[in-house]
Amino acid sequence: MALEEVTREKWATRLGFILAAVGSAVGLGNIWRFPFQVGQEGGAAFLVMYLLFVAIIGIPAMLVEFVVGRSSERNPINAFDRLGHGEWRFIGILGVITGFLILSYYSVVAGWVTRYTFASLTGAYFGEAGAYFGQISAGPAAVGFHALFMVVTAVIVAAGIQKGIEMAVKVMVPALLVLLVGLIAYAFTLEGAAQGYEYYLSPDFGVIAANWTSILPAAAGQAFFTLSLGMGVMITYASYIDEDRNLGVDGGWIAFLNTLVSILAGLVVFPVLFTIGTEPGSGGPGELFAGVGGAIAQVPGSRLVGFLFFGVVTIAALSSAISILEVLVSYAIDNYSIERPTATAVISAIVFVVGIPSAMSTDVLTLFDATTAQLLLPLGVFLTVIFVGWVYQDSAKELAKGTGSDASGTLPVLWLWYVRIPILIVVGFVLVINATELYGTLTDMLL
Ligand code: TRP
């Protein structure tokens with residue numbers, strides 16, 4: 001046994017792992033991306049598909065990444081070598097490319113949120129929440145806040161002080177829940193509340209049946225994005241878990257807490273949109289800012305409430321952005337023997353440059369977002385599922401560790417077969433639909 005293996009750092013407590021994973025999972029995906037996806041895909045029909053997808057595909061797929069991470073105790077690229085299947089390391093490389101692309105526009109959106117944090121103090125967006133978003137979301141100012149957010153993320157990763165952020169997450173996630181519950185109570189008193197709930201919570205199964213080929217892939221993309229799946233973040237985090245932990249239980253908790261935050265965000269956004277008369281779905285990436293921003297503008301103590309709300313969301317975005325950057329940086333450190341600060345500076349600079357077009361145009365941003373979430377993340381999950389289901393021989397054994405049963409136990413065996421066939425088929429199907437759709441969009445744009 002290599003020395004490295006014996007001394008490798010482990011999460012000090014079970015809570016440490018769950019918190020770090022929740023810190024990665026809870027972010028703009030829940031508060032910004034989720035409401036606008038719900039709006040674009042017709043409301044409650046999307047919510048139902050999304051919840052189903054998280055439960056039946058998301059959690060088992062998270063366990064797939066956990067198995068690769070814990071059994072290899074390596075970063076997502078070296079993990080495959082370590083498990084004796086170096087020919088699969090291209091999965092890790094795909095993850096690195098996906099990470100670059102996601103972080104590039106994620107930081108632009110986080111820049112908007114940072115700007116709203118400060119704008120709350122002066123009440124800049126209180127009058128015309130929608131118009132203000134139009135002014136700040138694209139152009140040189142958006143580039144500036146994108147730069148600011150990338151610098152802060154880079155400084156934390158360069159110094160290797162993610163632990164500090166994990167501590168912050170411990171406070172921030174509960175704070176976010178409390179703020180959301182307060183805003184939900186306010187949204188409940190609005191005129192448009194009933195309509196908002198109807199739209200968000202009362203699914204029309206006819207709509208699902210008619211539009212499932214568009215709702216299913218969108219729900220899949222959202223589920224993978226929000227759970228931080230498909231690019232190796234969960235492989236990395238699981239590489240530090242002890243063998244006596246039950247992966248299924250931890251994965252369940254992470255998914256539950258993460259989903260809770262999304263559901264609560266929708267309970268603020270939709271009553272507000274119906275009250276101010278904005279059609280959900282018409283706002284696109286500005287939906288959060290019109291919805292929650294509009295609510296905050298009206299409540300007592302709005303400047304403080306806005307500052308706290310957007311401030312907490314900025315920190316949630318920061319802990320997610322760190323999880324992506326850390327995968328890129330640790331790859332560079334391990335494989336090219338560069339020092340951490342240099343690696344971080346170079347990578348962050350490239351991410352910043354790649355993000356500039358998204359900061360200049362929200363159409364570019366949504367194109368980046370749709371392509372990464374709906375194509376590259378499902379592709380990453382699909383390939384990892386093939387690996388864990390069909391190539392790596394000890395998957396069930398790894399999952400069984402910490403559960404009290406062995407590889408022949410009912411749950412590990414069921415999970416393995418479930419991964420091998422149904423999950424592979426569903427994710428493969430999602431990929432085919434999305435690739436076809438993207439091909440259509442691109443040819444429309446270029447011709
Ligand atoms: N899950 C985060 C969010 O919802 C974003 C994120 C972090 C992510 N790491 C990821 C998305 C890895 C995909 C892959 O905001």
Side-chain angles (χ1 to χ4, degrees), residues 19-38 50 53-54 58-59 61-62 64-66 69 75-76 91-92 94-113 149 153 156-157 162 165-166 169 172-173 176 219-238 251 254-255 257-266 285 288 312-331 351 365 368-384:
L19 277 174
V22 167
S24 168
V26 173
L28 299 173
N30 309 69
I31 320 255
W32 161 74
R33 197 174 193 281
F34 173 74
F36 104 80
Q37 293 291 308
V38 174
Y50 162 76
F53 209 91
V54 167
I59 298 174
M62 184 182 281
V64 164
E65 291 202 12
F66 284 176
N75 72 47
I91 298 182
L94 174 74
V96 167
I97 296 169
T98 309
F100 264 102
L101 297 175
I102 293 188
L103 191 54
S104 76
Y105 73 85
Y106 198 88
S107 166
V108 174
V109 179
W112 301 342
V113 177
F149 184 82
T153 309
I156 294 169
V157 170
Q162 280 87 321
I165 291 293
E166 276 153 34
V169 167
M172 290 301 160
V173 172
L176 189 62
Q222 176 60 21
F224 293 152
F225 188 94
T226 187
L227 293 172
S228 299
L229 295 179
M231 65 139 293
V233 166
M234 291 300 172
I235 295 181
T236 309
Y237 279 6
I254 295 160
L257 284 171
N258 180 60
T259 305
L260 184 65
V261 177
S262 297
I263 294 177
L264 296 183
L288 162 78
V312 168
V313 175
T314 306
I315 309 239
L318 195 59
S319 65
S320 303
I322 286 169
S323 74
I324 303 178
L325 186 59
E326 179 62 31
V327 171
L328 308 181
V329 167
S330 61
Y331 166 68
V351 170
L365 188 144
F368 264 75
D369 177 59
T371 313
T372 48
Q374 296 197 21
L375 203 64
L376 296 178
L377 295 180
L379 183 61
V381 172
F382 184 71
L383 295 169
T384 321

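This is a predicted model, so every value here is computed, not measured. Whatever order the structure lists them in is the order used to number ligands and atoms, beginning at 1.
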Atom 6 (C) of ligand 1: nearest protein contact (heavy atom, Å) =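 For atom 6 (C) of ligand 1, the nearest protein heavy atom comes out as Ser228 OG, 3.5 Å.
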inquiry  = Which residue and atom name correspond to the protein heavy atom nearest atom 11 (C) of ligand 1, and how close is it?
reply    =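 The protein heavy atom lying closest is Phe225 O, 3.2 Å.
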ask   = Which value, rounded to the nearest 0.5 Å, describes the distance between Arg33 atom CZ and Thr226 atom OG1?
value =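 Rounded to the nearest 0.5 Å, the CZ-OG1 separation comes out at 9.5 Å.
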query = To the nearest 0.5 Å, how far apart are CD in Glu326 and CG in Asn75?
reply =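 These two atoms lie 10.0 Å from each other.
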Backbone of [Y] reached by a side-chain donor or acceptor of [X] within 3.5 Å:
X	Y	answer
Thr153	Leu318	no
Gln222	Gly29	yes
Ser319	Gly23	yes
Ser107	Leu103	no

Could you tell me, atom by atom, which parts of ligand 1 come under 4.0 Å of a heavy atom of [X]?
X	result
Asn30	4 (O)
Val233	9 (N), 12 (C)
Leu28	15 (O)
Thr226	1 (N), 4 (O)
Ser323	7 (C), 9 (N)

Consider every N or O of [X] and every N or O of ligand 1, then say whether any pair is closer than 3.5 Å.
X	value
Leu227	no
Leu229	no
Phe224	no

request  = Determine, considering heavy atoms only, which of Met231, Met234, Gln222 sits nearest to atom 14 (C) of ligand 1.
outcome  =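 When every heavy atom of Met231, Met234, Gln222 is considered, Met231 comes closest to atom 14 (C) of ligand 1.
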key: The one among Ala25, Gly221, Ala21, Ser320 that brings a heavy atom closest to atom 4 (O) of ligand 1   =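 Looking at heavy atoms only, Ala25 sits closest to atom 4 (O) of ligand 1.
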ask   = What pairs with Phe224 under ring pair (Phe, Tyr, Trp, His ring centres under 6.0 Å), at least two apart in sequence or on another chain?
value =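 By the ring pair (Phe, Tyr, Trp, His ring centres under 6.0 Å) rule, Phe224 matches Phe53.
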inquiry  = Looking at ligand 1, is there an atom of it that comes within less than 4.0 Å of some heavy atom belonging to Ser24?
reply    =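 Per 4.0 Å heavy-atom rule, Ser24 contacts ligand 1.
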ask   = Is the shortest distance from a heavy atom of Tyr106 to ligand 1 less than 4.0 Å?
value =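 The answer is yes: ligand 1 sits under 4.0 Å from a heavy atom of Tyr106.
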message = Against Pro76, only a single residue in Val233, Thr384, Thr236, Ile91 fulfils side-chain contact (heavy atoms from CB on, under 4.5 Å); can you say which?
response =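 Considering Val233, Thr384, Thr236, Ile91, a side-chain contact (heavy atoms from CB on, under 4.5 Å) with Pro76 is found only for Thr236.
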ask   = In terms of ring plane angle, is the pair Tyr50 and Phe34 parallel, tilted or perpendicular, where the classes change at 30° and 60°?
value =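 Correct class here is tilted.
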